[in-house]
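Okay, so here's the structure we're looking at.
Nothing here was measured: the structure is a model prediction, and the numbers come from that model. Atoms considered below: every heavy atom in the structure, side chains included; atoms not considered: hydrogens, waters and symmetry mates. Throughout, numbering of the chain's residues begins at 1 and tracks the sequence.
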Amino acid sequence: MSTHRTKVLILGSGPAGLTAAIYAARANLEPIIVAGMQPGGQMTITTDVENYPGFADVIQGPWLMEQMQKQAENVGTRFIHDTIVKVDFSKRPFVAVGDGGDEYVGDTVIVSTGAQARWLGLDSEQKYRGFGVSACATCDGFFFRGKEVAVVGGGNTAVEEAIYLTNHATKVTLIHRRGELKAEKIAQKRLFDNPKIKVVWDSAIDEVVGGGNPAGVTGAKVKNVKTGAVTDLKIDGLFVAIGHTPNTDLFKGVLDMDENGYLITQAGTPRTNIPGVFAAGDVQDHIYRQAVTAAGTGCMAALEADRFIAEHGIK
């Protein structure tokens, strides 16, 4: 068992955590990143990235995270592969415990543990993830210009993604397992008024169908949950929009969170309800959920941590 001490302890290693580390290291704060269950975060399961500023050509999500990690390490970040199982934020310095028993002690903490898209749980969905199956229309919609796609879900996210996809796709089919949508009425009206969108009610995806070389989605088997009838739907892409789950179980009863488990931060800042503990990225953002916005809040968290350390005279 070891004890690791730092002025800035960063939990999570996606764009938010790595950007925070770059800024903290450049301020000579010698941050430690504890990588977590999925080093690199959701970007490591994202293939083509076209919307991260600074790259004229398509880049790969895992490569971008690799570059960010190297940059963070080059300016003085310690990167540790461990998963935190317990935290004590009741007093400073704050303490986090890894699953092997190592202790991480920080004068400040930046929580950037991210969120995970909820999936349907089908083997065929897993098979074609990144090859026509996506959980982010704003990330991947561009790749479906002039094609036909389907969106699964019935909440605000599903409706917004379906409407957004009409900017690229020729036809969008929204598949919902109930007979009415949960989305806000104004969003529903926009959806129903859009001639490119068709809604399939009381239905669920039974199987994602694909093939070709390179392999990609070619269709889906759609099952009516009331009658059991299965129909074939010809599509080039499937967008799963049944919500995200923030990785915040560890902080229940410790940090303030909303009804969906997202950490609550003071408006316009990364500050949580505990002074010296900051939150950045998708763990506190259920609206934008982009790598570039996560990176931005990571920067803000590091600047706030630096300010906090200076104000409290921490040596």
Any side-chain heavy atom of [X] sitting closer than 4.5 Å to one from [Y]?
| X | Y | answer |
| --- | --- | --- |
| T19 | C299 | yes |
| F239 | Y164 | no |
| T157 | R289 | yes |
| N247 | V283 | no |
| W201 | L181 | yes |
| I264 | N273 | no |
| V199 | F192 | yes |
| V105 | T3 | yes |

Between [X] and [Y], a side-chain donor and acceptor under 3.5 Å:
| X | Y | answer |
| --- | --- | --- |
| R271 | T265 | no |
| S134 | D140 | yes |
| E207 | S124 | no |
| D82 | Y104 | yes |

SB check K221 D232 (cutoff 4.0 Å):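 Looking at D232 together with K221, the answer is yes, because their closest N to O distance falls below 4.0 Å.
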Once rounded to the nearest 0.5 Å, what's the spacing between atom [atom1] of [X] and atom [atom2] of [Y]?
| X | Y | atom1 | atom2 | result |
| --- | --- | --- | --- | --- |
| L303 | T269 | CG | OG1 | 12.5 Å |
| E160 | R190 | CD | CZ | 7.5 Å |
| L18 | M43 | CG | CE | 10.5 Å |
| Q290 | C136 | CD | SG | 5.0 Å |
| K252 | L255 | NZ | CG | 12.5 Å |
| L165 | T138 | CG | OG1 | 9.0 Å |

Working for ring pair (Phe, Tyr, Trp, His ring centres under 6.0 Å), residues H286 and Y262: CA-CA 7 Å; H286 58 89; Y262 287 90; 5.1 Å; yes
Scan the side chains in residues 86-102 for donor-acceptor partners under 3.5 Å anywhere in the protein, sequence neighbours excluded, and list what turns up.
unit_1	atom_1	unit_2	atom_2	d
D88	OD1	S90	N	3.0
D88	OD1	S90	OG	2.5
D102	OD1	S2	N	3.0
D102	OD2	H4	NE2	3.1

Work out which heavy atom in [X] is nearest to a heavy atom in [Y]; give both atom names and the distance.
| X | Y | value |
| --- | --- | --- |
| A25 | T77 | CB-OG1, 3.7 Å |
| Y52 | A295 | OH-CB, 3.8 Å |
| S112 | I10 | OG-CG2, 3.7 Å |

Evaluation steps, side-chain contact (heavy atoms from CB on, under 4.5 Å), between Q42 and D282: CA-CA 10 Å; Q42 292 183 85; D282 287 11; 3.2 Å; yes
Main-chain N/O of G12 paired with T113 side-chain donor or acceptor, under 3.5 Å: no
Derivation of the side-chain contact (heavy atoms from CB on, under 4.5 Å) call for K127 and V208: CA-CA 9 Å; K127 180 180 178 182; V208 181; over 6 Å; no
Stacked cation flag R145 on F143, 6.0 angstrom / 45 deg: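 Negative - R145 is either too far from the ring of F143 or too far off its axis.
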R129 to W119, cation-pi by 6.0 Å centre distance and 45° axis angle: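 Judged by the rule (NZ or CZ under 6.0 Å from the ring centre, within 45° of its axis), R129 counts as positioned above W119.
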Qualifying residue for side-chain contact (heavy atoms from CB on, under 4.5 Å) with I110, from V8, L11, V277, T272: V8
